[in-house]
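Here, residue 1 is the first one in the sequence, and each next residue gets the next number.
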Amino acid sequence: MPWEGYHMLKIKPQLLLSATLIALSPSLFAGTLDTIKSRGALKCGVTNGLTGFSNPDKQGNWEGMDVDVCKAVAAAVLGDPNKVTYVPTSGKTRFTALQTGEIDILSRVTTWTLSRDTKLGLNFAGVNMYDGQGFMVRKDLGIKEAKELNGASICMNTGTSTETNVADFFASNNMKYKAVLFEKSSEVASAYDLGRCDVYTSDKSGLAAQRLKMQKPSDHIILAETISKEPLGPAVRHDDDQWFDVVKWTLMALIEAEELKLTQANISSQASNKNPRIGRFLGTSGENGKNLGLEKDWAVKAINAVGNYGEIYDRNVGANSQLNIPRELNHLWKNGGLMYAIPLN
């Protein structure tokens, strides 16, 4: 037998085994987009209730910045922002819900970190809010800065980056503290409000939201220090590049729309606009929709549903909301912020 033939004979079983594994591997053919289209609804993992981000209103309708991301994706994929099933998750259960397929997208004030991107098998589609962790205390304690918190008892969520950030901050400043841990944000806020701890720590936006629920909101202050970087954004599972692309580019479209001054009010009147970038955005030129496995006007549907990024921010957490959080880092790049849409070419 020629050497070449012997060699091929020897490796043939291995090739067959590899081919079989590839054929059976669900990660290579996950098909989340097709599953959602067939199901007729997007399953979105949200918080158990956080004002400004994901929270049911008095009628039980979910609203907030993270909710709007899911509505935009549903509009782009299914043509209807209301075709979303919201699944409340805690800091402890959110990743399992995504990993097991209970949800299609996690849009829940979740920080993008290396370990989550690798060890937990997540793909972050981008950042929809740049935030940072801080501390809230009662005014009558007379605390002016975080370095005065040595020995304090601190209420916080378990299963989050919050624990690591607090440990790092106190260790680096040679300070001690007592952690008082709870799974749900509502439990943390309630415990702090009832005096079970001296300090409440979380992302500053979350502290602003939870302060509204205190018995006497004006009795509490958020200290000036920001002890961490918290780039918050939606995440999907590894190994489904098409679905990752859909969520990523929907988020980019929200930011791009603000750059192009396309709003919920004017998006439908742009058909005659000669700007090539707007033409690609509308789907009247190029093949963006086809390349994503969506209709050509997918981005238009997203903006019709929730508006551009600036509208989403102002409505839920910014100037037109109860929270009134300054945009700062969340301004567009050309206005001094970090929000920058990758070109929709």
Ion pair [X]/[Y], N-O distance below 4.0 Å:
X	Y	result
E259	K334	no
R327	E258	yes
R211	D219	no
K229	D131	no

Flag for [Y]-[X]: side-chain donor and acceptor within less than 3.5 Å:
X	Y	result
E102	T100	no
W112	D117	yes
S321	R315	no
S54	D66	no
T158	E183	no
S153	D198	yes
T110	R94	yes
N165	E230	yes

Please report the closest heavy-atom contact between N316 and L323, naming both atoms and the distance.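 Closest pair (atom of N316, atom of L323, distance): O-CD1, 4.3 Å.
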
Shortest non-hydrogen contact from N273 to I278?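 Closest pair (atom of N273, atom of I278, distance): ND2-CD1, 3.3 Å.
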
Surrounding [atom1] of [X] (heavy atoms of other residues, nucleotides or ligands, distance under 6.0 Å), is the total greater than 12?
X	atom1	result
R39	CZ	yes
E148	CD	yes
N174	CG	no
K37	NZ	yes
K248	NZ	yes
K92	NZ	no
E295	CD	no

When you measure from the centre of the six-membered ring of Y200, is the NZ or CZ of R138 under 6.0 Å away and within 45° of the axis?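 Relative to the ring axis of Y200, which defines the angle, R138 lies outside at least one limit.
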
Given the rule that I, L, V, M, F, W and Y join up when any side-chain heavy atoms are under 4.5 Å apart, are F135 and L50 in one cluster?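 Different clusters: F135 never reaches L50 through Ile, Leu, Val, Met, Phe, Trp or Tyr contacts under 4.5 Å.
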
For the residue pair [X] and [Y], establish whether any side-chain heavy-atom pair is separated by less than 4.5 Å.
X	Y	value
V199	C155	no
S202	Q133	no
Y192	T201	no
M252	Y309	no
N157	F182	no
F53	M129	yes
N266	Q270	yes
R116	S161	yes

Under 6.0 Å between the ring centres of H238 and F244?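 For H238 and F244, the ring centres are not under 6.0 Å apart.
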
Measure centre to centre between the rings of F169 and Y177, then say whether the value is under 6.0 Å.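 That pair fails the under 6.0 Å test.
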
Main chain of V300, side chain of D297: is a donor-acceptor contact present, judged purely on distance under 3.5 Å?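 Here the side-chain-to-backbone pair does not exist.
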
